[in-house]
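Here is the structure we will look at, set down as structure tokens.
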Amino acid sequence: MPTPLISNLASTSLSTDIFGWRIPSSGKKKGVVPNIVDVGNEQSIDIASSMMSHMGIGRERRRFPGENPGKMFEVAVRDNLREQLHHSEASREWLVGRGASTKYFAQYVHLRAIEELMEKSPNRAELRATIGTDYMVTPDVTVSIPDTTGLIGNAPWLHAAISCKWTIRSDRVQNIRHEFNGLIRHRRGRQPHLITVTAEPLPSRIVAIARGTGELDAVYHVAYDALDQAVKSVGNDKQLADWEECVNLKRVLPYEQLAETLIRW
């Protein structure tokens, strides 16, 4: 087994503080439900409730309608990775941020030049319509490394682009593939790690992004062990089969492995 590169192993797990129970604002479900569920899907409720039980999160921990778990999730991932990488034994400076456009990173600074040229052009509306702007991607969390050569105007190198999905909805799965395909296609230089981090309880939704190769490296689940136990306890045949596929593909991994992977590669 490789020697761990994180000196503070207690920090490798994401805090469970973001998880909790809430009163659904829609649907027929009465009482409280986990704040990661699709209230219209009984398997989502059953698996998520079992996950909460395995994580030791009681129904007294309430989350409120005004809270934005997606935003809280992004901040939690950013802060946790920043802490882990800061405490790593790798002799490298790490920059971990949130909401930074890829045009500010070394592999993509040419996209900023294109944007500036379009803005200066008297025909910018026509240029935008012709060229488009879908190449401008703003990952939820970025991990970068300072450029020590000064050849790219001191722009840092994008080491990892992380899409944080508190939950996964079927109609939004392709957005991840589209954005990551753009990062692959438009880069100049080494491809960054392309990663999704999620707390989604339904394997049938996780496998929709985990299947295939090319667009992303892996999906990291922040409650992998709890989900594994929950699916085996209350999952139906469909969810069991999809979870088995996720595990066998080795494209869905425990979040605890993410920082080590970023350090080693």
Side-chain angles (χ1 to χ4, degrees), residues 13-14 16 18-59 61 63 69-70 72-74 77 140 162-181 194-258 261:
S13 296
L14 201 69
T16 61
I18 194 172
F19 290 91
W21 298 76
R22 63 180 177 85
I23 298 174
S25 57
S26 62
K28 299 179 180 179
K29 183 68 178 178
K30 302 296 182 182
V32 295
V33 296
N35 64 339
I36 52 174
V37 304
D38 174 355
V39 293
N41 187 303
E42 286 299 324
Q43 271 286 276
S44 177
I45 296 171
D46 291 345
I47 293 174
S49 299
S50 181
M51 283 173 60
M52 294 293 213
S53 176
H54 288 298
M55 288 189 287
I57 300 173
R59 293 173 185 258
R61 185 193 288 178
R63 311 304 303 191
M72 294 167 63
F73 189 47
E74 292 175 19
V77 171
D140 297 323
I162 303 172
S163 175
C164 298
K165 298 298 182 187
W166 178 238
T167 57
I168 296 173
R169 293 295 174 258
S170 302
D171 59 342
R172 298 179 183 175
V173 164
Q174 297 310 316
N175 290 347
I176 302 173
R177 298 187 188 278
H178 175 73
E179 290 186 357
F180 283 175
N181 267 324
L194 303 175
I195 295 157
T196 296
V197 176
T198 189
E200 171 61 47
L202 280 178
S204 57
R205 292 182 178 170
I206 299 171
V207 79
I209 186 61
R211 282 188 180 120
T213 57
E215 296 97 346
L216 76 164
D217 299 332
V219 178
Y220 289 84
H221 201 285
V222 296
Y224 183 96
D225 291 338
L227 175 58
D228 180 67
Q229 296 176 68
V231 173
K232 291 174 180 176
S233 298
V234 299
N236 61 24
D237 290 345
K238 166 68 173 171
Q239 301 305 326
L240 282 165
D242 285 341
W243 180 241
E244 183 177 356
E245 182 179 349
C246 288
V247 172
N248 290 339
L249 284 171
K250 300 189 186 303
R251 298 256 291 162
V252 179
L253 303 170
Y255 174 80
E256 289 78 8
Q257 297 180 9
L258 177 53
T261 300

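- Contact annotation: the side chain of H54 approaches that of S233 to within less than 4.5 Å [non-hydrogen atoms, C-beta and beyond].
- The shortest side-chain heavy-atom distance between I36 and F19 falls under the 4.5 Å cut-off.
- Not a single side chain to side chain donor-acceptor pair (under 3.5 Å) links R59 to another residue, sequence neighbours left out.
- Counted within 6.0 Å of CD on E244, heavy atoms from surrounding residues, nucleotides or ligands total 12 or fewer; the atom is thus considered open.
- The shortest side-chain heavy-atom distance between V252 and V247 does not fall under the 4.5 Å cut-off.
- Applying the side chain to side chain donor-acceptor pair (under 3.5 Å) criterion to S204, with sequence neighbours excluded, gives Q239.
- A 4.5 Å side-chain heavy-atom check between L227 and I206 finds at least one atom pair inside the cut-off.
- Going from atom CD1 of I209 over to atom OG of S163 covers 8.0 Å, rounded to the nearest 0.5 Å.
- Atoms CG and OG1, on D217 and T261 in that order, are 9.5 Å from each other to the nearest 0.5 Å.
- Between the side chain of W243 and the main chain of D228, no donor-acceptor pair closer than 3.5 Å is present.
- Using a distance-only test at 3.5 Å, with no hydrogens or angles considered, a donor-acceptor pair links the side chain of S49 to the main chain of I45.
- Between the D140 side chain and the C164 main chain, a donor and an acceptor come within less than 3.5 Å of each other.
- Between P34 and W21, some side-chain heavy-atom pair lies under the 4.5 Å cut-off.
- Pairs engaging residues 200-215 under the salt bridge (charged side-chain N to carboxylate O under 4.0 Å, His left out) rule: D38-R205, R169-E200, R177-E215, R211-D242, R211-E245 [sequence neighbours left out].
- For the side-chain contact (heavy atoms from CB on, under 4.5 Å) with I176, the qualifying choice from T196, L194, N181 is T196, the only one to do so.
- I162 has its side chain out of reach of Y220: every pair of non-hydrogen atoms, C-beta onward, lies at least 4.5 Å apart.
- You'll find the side chain of F73 reaches within 4.5 Å of the side chain of L14, heavy atoms only.
- Listed for the N35 side chain is a donor-acceptor partner under 3.5 Å among the backbone atoms of I18.
- To the nearest 0.5 angstrom, R61 atom CZ is 8.0 Å from M52 atom CE.
- Within 6.0 Å of the CG atom in D237, the count of heavy atoms belonging to other residues, nucleotides or ligands does not exceed 12.
- The distance from the OG1 atom of T198 to the NZ atom of K165 is 9.0 Å, given to the nearest 0.5 Å.
- Between the R251 side chain and the V207 main chain, no donor and acceptor come within less than 3.5 Å of each other.
- Taking 4.5 Å as the limit, some side-chain heavy atom of V33 sits within range of a side-chain heavy atom of R22.
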